[in-house]
Amino acid sequence: QVQLVESGGGLVQAGDSLRLSCAVSGGTVSNYVMGWFRQGSGKEREFVAAIRWSGHNTYYSHLVEGRFTISRDDIANMVYLQMNNLKPEDTALYYCAADTSGIYSTSDLYPRMLDRYDSWGQGTQVTVSS
């Protein structure tokens with residue numbers, strides 16, 4: 001069973017940066033579609049970023065593109081989310097997720113679909129003050 005543990009969240013000011021980490025155990029991160037999602041207070045969980053295949057295939061929500069970068073360390077079996085120029089609207093609980101199904105799809109929509117992911121971490125809180 002794949003287990004995911006997020007870390008790196010915290011309280012920062014608008015314009016600051018944070019790097020979230022996701023430690024993956026029980027499986028090989030390079031075999032999966034790995035994603036980051038977030039859920040603000042009173043809101044639905046939403047897609048943030050995903051990475052798959054060689055690691056050069058990355059996908060971003062339009063809300064974060066240009067500010068956030070997802071990356072993967074295949075040796076350490078880790079996934080990261082570098083978040084720059086944070087805004088108060090980025091405040092949320094951030095979740096790491098894995099699609100371990102092995103289903104192959106070339107669709108760019110596929111990594112963005114929440115219900116494709118079958119393993120989830122507990123989340124790490126990011127709070128951005130104005």
Side-chain angles (χ1 to χ4, degrees):
Q1 174 123 13
V2 174
Q3 292 188 323
L4 311 176
V5 178
E6 305 95 335
S7 61
L11 172 63
V12 297
Q13 293 186 331
D16 286 350
S17 298
L18 276 176
R19 189 178 82 152
L20 305 184
S21 299
C22 175
V24 181
S25 60
T28 303
V29 68
S30 58
N31 290 341
Y32 307 142
V33 181
M34 299 298 302
W36 286 96
F37 290 78
R38 68 187 183 186
Q39 188 166 15
S41 180
K43 299 180 180 179
E44 294 188 353
R45 194 171 299 190
E46 64 178 5
F47 169 77
V48 176
I51 188 168
R52 63 176 177 176
W53 298 339
S54 66
H56 296 294
N57 299 89
T58 57
Y59 309 85
Y60 296 95
S61 163
H62 71 281
L63 297 173
V64 307
E65 189 153 21
R67 298 187 297 123
F68 291 12
T69 303
I70 188 171
S71 62
R72 193 181 74 201
D73 185 331
D74 293 347
I75 296 175
N77 223 34
M78 300 280 292
V79 180
Y80 304 99
L81 185 68
Q82 177 67 41
M83 306 186 295
N84 297 331
N85 191 22
L86 282 160
K87 303 176 180 181
E89 51 263 43
D90 294 319
T91 295
L93 188 60
Y94 282 72
Y95 296 92
C96 179
D99 169 13
T100 68
S101 69
I103 294 174
Y104 180 82
S105 171
T106 59
S107 170
D108 284 354
L109 292 178
Y110 181 88
R112 304 170 188 270
M113 298 168 63
L114 184 149
D115 60 3
R116 300 307 312 174
Y117 293 82
D118 51 14
S119 296
W120 292 83
Q122 297 287 337
T124 185
Q125 179 67 37
V126 173
T127 303
V128 185
S129 64
S130 57

Does the side chain of [Y] come within less than 4.5 Å of [X]'s, by heavy atoms?
X: Phe68; Y: Leu18; result: no
X: Val126; Y: Met83; result: yes
X: Gln125; Y: Thr91; result: yes

If I compare all heavy atoms of [X] with all of [Y], which pair ends up nearest, and what's the gap?
X: Tyr117; Y: Gly35; result: CE2-N, 3.6 Å
X: Tyr60; Y: Ile70; result: OH-N, 2.9 Å
X: Ser17; Y: Gln82; result: CB-NE2, 3.9 Å
X: Met34; Y: Ala98; result: SD-CB, 3.5 Å
X: Met78; Y: Ser21; result: CE-CB, 3.8 Å
X: Leu81; Y: Ala49; result: CD1-CB, 4.1 Å

Notebook entry, point to check: Under 3.5 Å, side chain of Thr127 to main-chain N/O of Ala92, donor-acceptor pair present?
Noted result: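 Side chain of Thr127 to backbone of Ala92: no pair is present.
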
Let me confirm one number: the [atom1]-[atom2] distance from [X] to [Y], rounded to the nearest 0.5 Å.
X: Met113; Y: Ser105; atom1: CE; atom2: OG; value: 8.5 Å
X: Arg67; Y: Leu86; atom1: CZ; atom2: CG; value: 6.5 Å
X: Ser30; Y: Asn77; atom1: OG; atom2: CG; value: 7.5 Å
X: Ile103; Y: Asp118; atom1: CD1; atom2: CG; value: 9.0 Å

Next item on the list: Not counting sequence neighbours, list each pair that qualifies as a ring pair (Phe, Tyr, Trp, His ring centres under 6.0 Å) and has a residue in residues 77-114.
Entry: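 Non-adjacent pairs meeting ring pair (Phe, Tyr, Trp, His ring centres under 6.0 Å): Trp53-Tyr104.
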
Note to self: Could you check, using the six-membered ring where one of them is a Trp, whether Tyr59 and Phe47 have ring centers closer than 6.0 angstrom?
What the structure shows: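 Ring-ring flag for Tyr59/Phe47: false, centres at least 6.0 Å apart.
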
Note to self: Quick test of your reading: applying disulfide bond (SG atoms under 2.5 Å apart), list the pairs with at least one residue in residues 84-130, sequence neighbours left out, ordered by first then second residue.
What the structure shows: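 As it turns out, the disulfide bond (SG atoms under 2.5 Å apart) pairs with a partner in residues 84-130, which skip direct neighbours, are Cys22-Cys96.
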
Notebook entry, point to check: Could you walk me through whether Val33 and Arg116 pass the side chain to side chain contact (heavy atoms under 4.5 Å, CB included) check?
Noted result: CA-CA 9 Å; Val33 181; Arg116 300 307 312 174; over 6 Å; no

Margin query: Using a strict threshold of under 4.0 Å (side-chain N to carboxylate O), is an ion pair present between Asp99 and Arg52?
Written below: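 Answer for the salt bridge query: no.
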
Item checked: By side-chain contact (heavy atoms from CB on, under 4.5 Å) - contacts of Val2 (at least two apart) ->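 Partners of Val2 by the side-chain contact (heavy atoms from CB on, under 4.5 Å) criterion, ordered by chain and then number, come out as Leu4, Val24, Tyr32, Thr100, Ser119.
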
Checklist line | side chain to side chain contact (heavy atoms under 4.5 Å, CB included) between Arg38 and Leu63, intermediate numbers included | finding: CA-CA 12 Å; Arg38 68 187 183 186; Leu63 297 173; 3.9 Å; yes

